[in-house]
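We use all heavy atoms of the structure for the numbers below, so side chains are in, but hydrogens, waters and symmetry mates are not.
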Amino acid sequence: SSPVSCLCWLTRLWSTLASPTMALGFASLRPGQAFDVQVLADHAVDTRRGCIARLHHVAEAGAAQQLQHHVGFGEQGTRALIAGMVVGVLRPFRRPRSRHKRLRFHKVAARNRNSVDTRAVAMMAVGKSRTERLLELLPDAQDGSSGAGSAGSYTGLQAIDRAWERVRGGSSQASQAPPPEFVHNVPGPLPGDQQPHFDVAVCGGTLGIFVASALQRRGLRVCVLERGKLAGRVQEWNISLQELRELVEAGALDASDIDGATRTPSRGEVVRNEAPSSLVAVQFGSVRAGFNSEEFGPTGSEDPRLQEIWLDGVLNCGIRPSVAVARARARFEAAGGEVREGIGVNKVSIHSNGACLHLADEETITAKLVIDAMGNQSPISRQARGGGTQPFGVCIVVGTTASGFDLDNSMGDLIYTNSDIWSGDVPDGESLGSPRKQYYWEAFPTGAGETERTTYLFTYMDAAAERPSVEQQLEDYWDLLPSYQRHNCSAFRDEGLSAEQAVTAGKLQLKRVLYGCFPTYRDSPLPPVSDRVLAVGDASGIQSPLSFGGFGALTRHLVRVSDAVAEALAHDTLSREDLAAVNAYLPNQAATWMFQRAMMVPIGDRRPSDFVNRLLRNNFQIMSDLGPEVLKPFNQDIVQPRQLARVLLEAVRRDPLNIPLLVYHIGPELLVDWLGHMFAMFAFDMAHHVLGKIVRDIAAALTDSGQHESAFRLRRLAEQWEFGSGQDYKL
């Protein structure tokens, strides 16, 4: 359509025929990437087959680059073109380092793409990425929010990528500015000396409704404020029946609310209840964990290289969030609770006798206590952390819910790998910083049909500026899905289709595309920002940095937090220091940071490609050998010191050579920090067993004598010992 466009495409065609090295070096550049001859050379593939296999991805990047040329080819684009020609002419035989590693994980994708008319692929790619094209095929893409349960509009994906880009650019001056003051202190009582209308105002309803229901059932007056509509997502939440029943114990749900697929199935069996009004949509017998360098075969394969460790009662129930939220709300309102939907909170002012919440419609409500249930992007949490604080760890999750898994949809994957550390398109050891990452899979059958399955691809990383976008990880997902699910889907195994081919041919029916960016911080749980303010769930940072599971963390702590809030309101122990005792330091949660760091690959890190798989394969096998009392709590985000010590000692015995590597790559600072948390875990464990009952008895005596603040603090201390050493867990 323009001389510049023709020049670009003719050059690409010539270079493909004459020099695949130059073609890949030039065309695989993405908008905004530095134009450098060395980078171009390192992007190249020096075989014609490799060039064809990569053309689908190349066409997308080239099309995006072409759009840049339309608005200003300029000097930069000219340099790229010349650099590509130089690479093609002068370095046609250069083989990029670790090329075999990069191509190994694309074997299936490459084989699939060889059967495609590459000119047709290039035409399809003009102006739109593969991800955007696939998102347009969704039956209902109105939910573009940033959660991993979103329906997956492209607009929502762009929004979360903009937010992720701001996080990665955390060193900029703008990001160092403190966030707006959402909570501020005002001297004196509430205006007009009024008394608070509510005991508790819960900000954020999706998870907050469970807290509100539990508190209302304790005789408190509670109001829930939700900016949007108070309704759970369509996407199922995975949890265990044991954790679900903790909502009943807390009073958030009634025992009769847990219905649907509640019969416990055997391994390989799936129980479904497709009635949309039932709570438990699906329950399957077991989930699998395994760490493998490649896909060795279907589940149950006799290949000795295949690791499969089976866990019963872990994330093996899929519940309908819409039903769970509706039932908690009905129970809450039946007890006298109040819900206000479609209205946000603009700011909160803290007075000596209560809190005043200023709503978006200029109305105000008053309460004795404000509970922040607005998630990890809560403005209260951001204020507490201040400006410019980058997360210490981030989990990027992408995936789909789709039907068409007609071969085997009888079990779930809790955490599974079928590749070693992956470096995508960039060779290992690149001086600009390698984007090497270890990818993990998670997948579950759904309750909507026998062939419907939710699949996630996730990875751990820091917030370095070089990290890829969420959309780039989705592109990896489309590439790698056929290899991972080839034993579950005949379109992948028998017909050799790519993900996009399977979707466009109707062999795989996309229901939702899922994506999420979950940051966590080392200063967790987060202390209150002010008097009369308490965070729960993701907003408090109570979730594990490994699972990032806010709902599971909520169910575990709901009884404890609800009892503490009721006691605090009864005796007016609502100071910042008092409430900090509710979300106190938990050494077993803090210790998991080292595990997360061991499972990620820092920028520029040169650890062996099998480092993570070797470490996890060994440790999970040890936990399995030691029995469910060791394996199960760890995989439900509960670390217990004595059990962990058994695993570590056995790991040293079985694989002593990997321990120095682990220590080297973790670094002395994090190792010393972890050892401190480990020591605290043992101390908490001993204190719980030796002093726990004594401290609770003293607290009861202090309550009887009217020393309520001291009694409150002692009860929270006993709970801190119990939960901080994982002794609250019941197998």
Side-chain angles (χ1 to χ4, degrees), residues 143 145 147 149 198-237 239 243-259 276-281 319-345 357 359 365 367 369-378 380-381 533-540 542-543 549-566 569:
D143 182 0
S145 60
F198 294 101
D199 292 316
V200 181
V202 179
C203 301
T206 303
L207 291 183
I209 190 64
F210 299 101
V211 181
S213 179
L215 293 176
Q216 189 73 29
R217 288 286 167 172
R218 283 164 171 76
L220 304 176
R221 293 170 299 150
V222 185
C223 177
V224 174
L225 300 166
E226 171 56 45
R227 183 180 298 274
K229 183 180 179 181
L230 181 53
R233 299 185 184 278
V234 176
Q235 179 66 31
E236 293 168 10
W237 288 338
I239 197 170
E243 292 167 311
L244 189 58
R245 291 185 177 117
E246 290 172 345
L247 295 176
V248 175
E249 182 184 354
L253 293 176
D254 186 76
S256 62
D257 290 325
I258 302 180
D259 62 359
S277 60
S278 64
L279 178 61
V280 183
I319 70 167
R320 295 183 173 93
S322 57
V323 176
V325 170
R327 291 185 178 178
R329 177 177 181 171
R331 182 173 171 82
F332 171 64
E333 292 179 327
E338 184 174 333
V339 174
R340 299 195 183 187
E341 296 176 282
I343 186 166
V345 180
L357 293 88
L359 309 184
I365 67 168
L369 175 68
V370 175
I371 288 185
D372 176 15
M374 293 184 283
N376 57 44
Q377 293 302 309
S378 160
I380 298 177
S381 298
V533 177
L534 178 68
V536 298
D538 291 351
S540 70
I542 200 73
Q543 71 276 16
F551 186 57
L554 177 72
T555 62
R556 179 191 174 198
H557 294 278
L558 187 54
V559 171
R560 177 183 68 82
V561 170
S562 299
D563 289 343
V565 168
L569 287 164

Q) Just by distance, do the side chain of S540 and the backbone of G537 share a donor-acceptor pair under 3.5 Å? A) yes

Q: Provide the closest heavy-atom pair for A539 versus S381 in the form atom of the first, atom of the second, distance.
A: O-OG, 2.8 Å

(Q) Can you tell whether the side chains of R218 and D199 come within less than 4.0 Å, N to carboxylate O? (A) no

Q | Verdict with supporting geometry, I365 and L359, side chain to side chain contact (heavy atoms under 4.5 Å, CB included) | A | CA-CA 8 Å; I365 67 168; L359 309 184; 4.2 Å; yes

Q.
Can you give me the closest heavy-atom contact between V565 and V200, atom names plus distance?
A. CG1-CG2, 4.4 Å

Q | Close side-chain approach of L244 to T555, heavy-atom, < 4.5 Å | A | no

**Q.** Heavy-atom donor-acceptor pair, E341 side chain to L230 backbone, under 3.5 Å
**A.** yes

Q) If you take all heavy atoms of A324 and L253, which pair is closest and at what distance? A) O-CD2, 4.1 Å

Q) Got F210 and V536 here, is their nearest side-chain heavy-atom distance under 4.5 Å? A) no

Q. F198 versus L369: any side-chain heavy-atom pair under 4.5 Å?
A. no

Q. Looking only at atom types and distance, does a side-chain atom of R320 sit under 3.5 Å from a main-chain N or O of S278, one as donor and one as acceptor?
A. yes

Q: Kindly state each residue pair satisfying ring-ring contact (aromatic ring centres under 6.0 Å, His included) with at least one member in residues 320-339, sequence neighbours excluded.
A: none

Q. For G208 and A373, which heavy atoms make the closest approach, and how far apart are they?
A. CA-CB, 3.8 Å

Q. Does R217 reach the main-chain N or O of R331 with its side chain, forming a donor-acceptor pair under 3.5 Å?
A. yes

Q: Answer whether the closest heavy-atom distance between the side chains of E246 and L558 falls below 4.5 Å.
A: no

Q. Atom CG in L279, atom CG in L247: separation rounded to 0.5 Å?
A. 9.0 Å

Q) Under 4.5 Å between any side-chain heavy atoms of V370 and L534, yes or no? A) no

Q.
Rounded to the nearest 0.5 Å, what separates atom CD in Q543 from atom CZ in R556?
A. 12.5 Å

**Q.** Point-to-point distance, once rounded to the nearest 0.5 Å, from CD1 of I319 to CG of D257
**A.** 11.0 Å

Q) If you take all heavy atoms of A335 and Q216, which pair is closest and at what distance? A) O-NE2, 3.1 Å

Q: Over all heavy atoms of both residues, which pair between E236 and A281 is shortest? Give the atoms and the distance, please.
A: OE2-CB, 3.5 Å

Cut-off 3.5 Å, no hydrogens considered: what does the side-chain donor-acceptor table look like for residues 219-227, sequence neighbours left out?
residue : atom : partner : partner atom : Å
R221    : NH1  : H197    : O            : 2.4
E226    : OE1  : G205    : N            : 2.7
E226    : OE2  : G228    : N            : 3.1

